[in-house]
Engineer: 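Pasting a structure here, questions to come.
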Amino acid sequence: MSKRHDAVFDDVLSGLPTGKKAEDRASARFLKRSNTMAEQASGERQEKVLRLVDPADCQMWDRHNRAYELLTPENCADLIDGIKSQGQQEFPAIVRRLPAGQGATYEVICGARRHFAISWLRANNYPQFKYLIEERELTDEEAFRLADIENRDREDISDFERARDYAQAIALYYGGTQKVMAERLEVSAGWLSRYLDLARLPREVVGAFPTIRDLKELHARQLKPILKTHRAEVLEEAVRISAERVAGASIDAAAVLKRLKAVAAEPKGAKKPARIFCGDRYDQGVKMKRAGRKVVLEFDANMSDLALQAALAHFIKHWRE
């Protein structure tokens, strides 16, 4: 029983005789301990055990949804400064205990930035800081959902990191079924589908962006229809952009998207001429014109049925040429 609770019981029992007070206080303590044990046995109460450990004794879960290699003192500066200001790590990381013989003792499920910040501080003149952890027993699917819940609304984890995590999880835990996964994550099927589309972008397109953190779910939505109709051209342009960047060119995400979308655009003022299909060179024909992804056919209302049938047969056979 805490001192605060002791004070409450003292106040309640203050009007009783001394002997009676001591007896009832002892009974109250026994009752509280009994209630606590009953709650723990029934699962209604869970005790959390927090530990302060050396971050070197922890390793990232290989399915962690954050790209640890992209963490730097600059993009973790807010957390580093906060820990120094508070004198400690405020919120524990969630870990699992690893089997003996795997090097580290713990596997980090949630808390990559905290791990980086504490590790950096210890290596930069603040050896007193330790990594605050909470150990739990979790299946891989439970670990995935826990990490997703913690990081879903955080702006410091990129759309592509999240999308890549979802693409791996749907195959590993949900049998490739989006509906089942969406229900488990409590998100809409449409929302999940957009992130899975992002994860499916060709590696050439992903490599064209400065970093994976510059690649957004919106980009995948805009590129999806273009990849269906101009895939080869988009991939060729993406490889060209990557080569230019390697050579020293500075190309931001907006410029990358503009160039990839441009490969599907019609040159201004350059309209494809209409084509005429007819069964016989002396017959009236059917005129084919393109309007974006649509094909428009025009023919004279007085055209004979035989001539129209012959022209349409010619169109069906040759219009894709």
Side-chain angles (χ1 to χ4, degrees), residues 63 65-67 69-70 75 148 152 155-172 174 176-179 181-182 187-275 288-297 315-321:
R63 293 256 17 268
N65 58 5
R66 189 186 292 279
E69 66 276 10
L70 296 181
N75 61 35
D148 176 59
R152 188 178 300 168
E155 295 182 359
D156 59 2
I157 185 168
S158 71
D159 284 1
F160 189 76
E161 287 172 286
R162 182 174 290 111
R164 184 172 56 186
D165 191 36
Y166 289 168
Q168 293 173 343
I170 194 171
L172 288 172
Y174 307 108
T177 306
Q178 288 184 209
K179 182 179 179 181
M181 182 173 175
V187 298
S188 72
W191 184 91
L192 177 60
S193 181
R194 290 194 293 272
Y195 277 92
L196 292 175
D197 285 340
L198 174 57
R200 296 185 187 112
L201 283 178
R203 59 182 178 82
E204 294 89 346
V205 172
V206 174
F209 285 81
T211 74
I212 61 173
R213 289 190 168 182
D214 297 294
L215 188 52
K216 307 297 184 183
E217 178 268 325
L218 176 63
H219 297 152
R221 263 189 282 165
Q222 294 178 342
L223 292 173
K224 184 178 179 179
I226 300 172
L227 283 165
K228 287 182 178 179
T229 58
H230 297 76
R231 186 179 182 87
E233 295 91 334
V234 171
L235 298 188
E236 183 179 347
E237 183 65 14
V239 170
R240 188 179 297 114
I241 293 170
S242 296
E244 291 175 16
R245 183 174 288 109
V246 171
S250 177
I251 310 171
D252 63 17
V256 170
L257 183 64
K258 184 177 180 180
R259 286 179 57 173
L260 294 181
K261 291 170 68 176
V263 302
E266 291 284 346
K268 289 184 178 179
K271 293 184 178 180
K272 291 185 178 180
R275 296 175 62 188
M288 183 192 87
K289 297 190 295 185
R290 291 184 180 273
R293 296 180 63 188
K294 295 182 179 180
V295 172
V296 178
L297 298 180
F315 163 77
I316 292 171
K317 186 176 181 179
H318 298 287
W319 76 280
R320 292 184 185 277
E321 295 175 0

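From a predicted model like this one, the values you see are computed outputs, not experimental measurements.
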Engineer: For Leu172 and Arg63: C-alpha separation, side-chain torsions, deciding distance, then whether side chain to side chain contact (heavy atoms under 4.5 Å, CB included) applies.
Structural biologist: CA-CA 11 Å; Leu172 288 172; Arg63 293 256 17 268; 3.5 Å; yes
Engineer: Within the 4.5 Å heavy-atom criterion, are Arg245 and Pro210 side-chain neighbours or not?
Structural biologist: yes
Engineer: Would Leu227 and Lys224 count as a side chain to side chain contact (heavy atoms under 4.5 Å, CB included) if you check the C-alpha gap in whole Å, the side-chain angles of each, and the deciding distance to 0.1 Å?
Structural biologist: CA-CA 5 Å; Leu227 283 165; Lys224 184 178 179 179; 5.9 Å; no
Engineer: Is the shortest side-chain heavy-atom distance between Arg164 and Ile212 below 4.5 Å?
Structural biologist: yes
Engineer: Mind checking the CG-CZ spacing from Asp252 to Phe209? Nearest 0.5 Å is all I need.
Structural biologist: 10.0 Å
Engineer: With heavy-atom distances below 4.5 Å as the criterion, would you say the side chains of Val205 and Val234 are in contact?
Structural biologist: yes
Engineer: Contact between Ile241 and Leu260 at the side-chain level, heavy atoms closer than 4.5 Å - yes or no?
Structural biologist: yes
Engineer: Please round to the nearest 0.5 Å and tell me the distance separating atom CG of Asp159 and atom CG of Leu218.
Structural biologist: 9.0 Å
Engineer: Looking at every non-hydrogen atom in both residues, tell me the closest pair between Phe160 and Leu215 and how far apart they are.
Structural biologist: CD1-CD2, 3.7 Å
Engineer: Do Asp165 and Tyr195 have side-chain N/O donor and acceptor atoms under 3.5 Å apart?
Structural biologist: no
Engineer: Minimum heavy-atom separation for Arg152 to Val187, with atom names?
Structural biologist: NH1-CG1, 3.4 Å
Engineer: So which atom in Gln178 and which in Leu192 form the shortest heavy-atom distance, rounded to 0.1 Å?
Structural biologist: O-CD2, 3.6 Å
Engineer: Roughly how far, to the nearest 0.5 Å, is the CZ atom of Arg213 from the CD1 atom of Ile157?
Structural biologist: 8.5 Å
Engineer: Considering only NZ, NE, NH1 and NH2 on the basic side and carboxylate oxygens on the acidic side, decide whether Asp197 and Arg194 come within less than 4.0 Å.
Structural biologist: no
Engineer: Quick check: do Val263 and Glu236 have side-chain heavy atoms less than 4.5 Å from each other?
Structural biologist: no
Engineer: Consider side-chain hydrogen bond (donor to acceptor under 3.5 Å, both in side chains). Of Lys261, His230, Arg259, which one does Glu237 pass it with?
Structural biologist: Arg259
Engineer: Using every non-hydrogen atom in the two residues, find where Ala167 and Ala199 come nearest and quote the distance to one decimal.
Structural biologist: CB-CB, 3.6 Å
Engineer: Can you name the closest pair of heavy atoms from Ala67 and Glu161 and give their distance?
Structural biologist: N-OE2, 2.5 Å
Engineer: Of all the heavy-atom pairs spanning Leu257 and His219, show the shortest one and how long it is.
Structural biologist: CD2-CD2, 3.6 Å
Engineer: Looking at Glu244 and Arg240, does any basic side-chain N land under 4.0 Å from a carboxylate oxygen?
Structural biologist: no
Engineer: Would Asp148 and Tyr166 satisfy side chain to side chain contact (heavy atoms under 4.5 Å, CB included), going step by step from the backbone distance to the final call?
Structural biologist: CA-CA 9 Å; Asp148 176 59; Tyr166 289 168; 2.5 Å; yes
Engineer: For the OG atom of Ser193 and the CD atom of Glu217, what is their distance to the nearest 0.5 Å?
Structural biologist: 9.5 Å
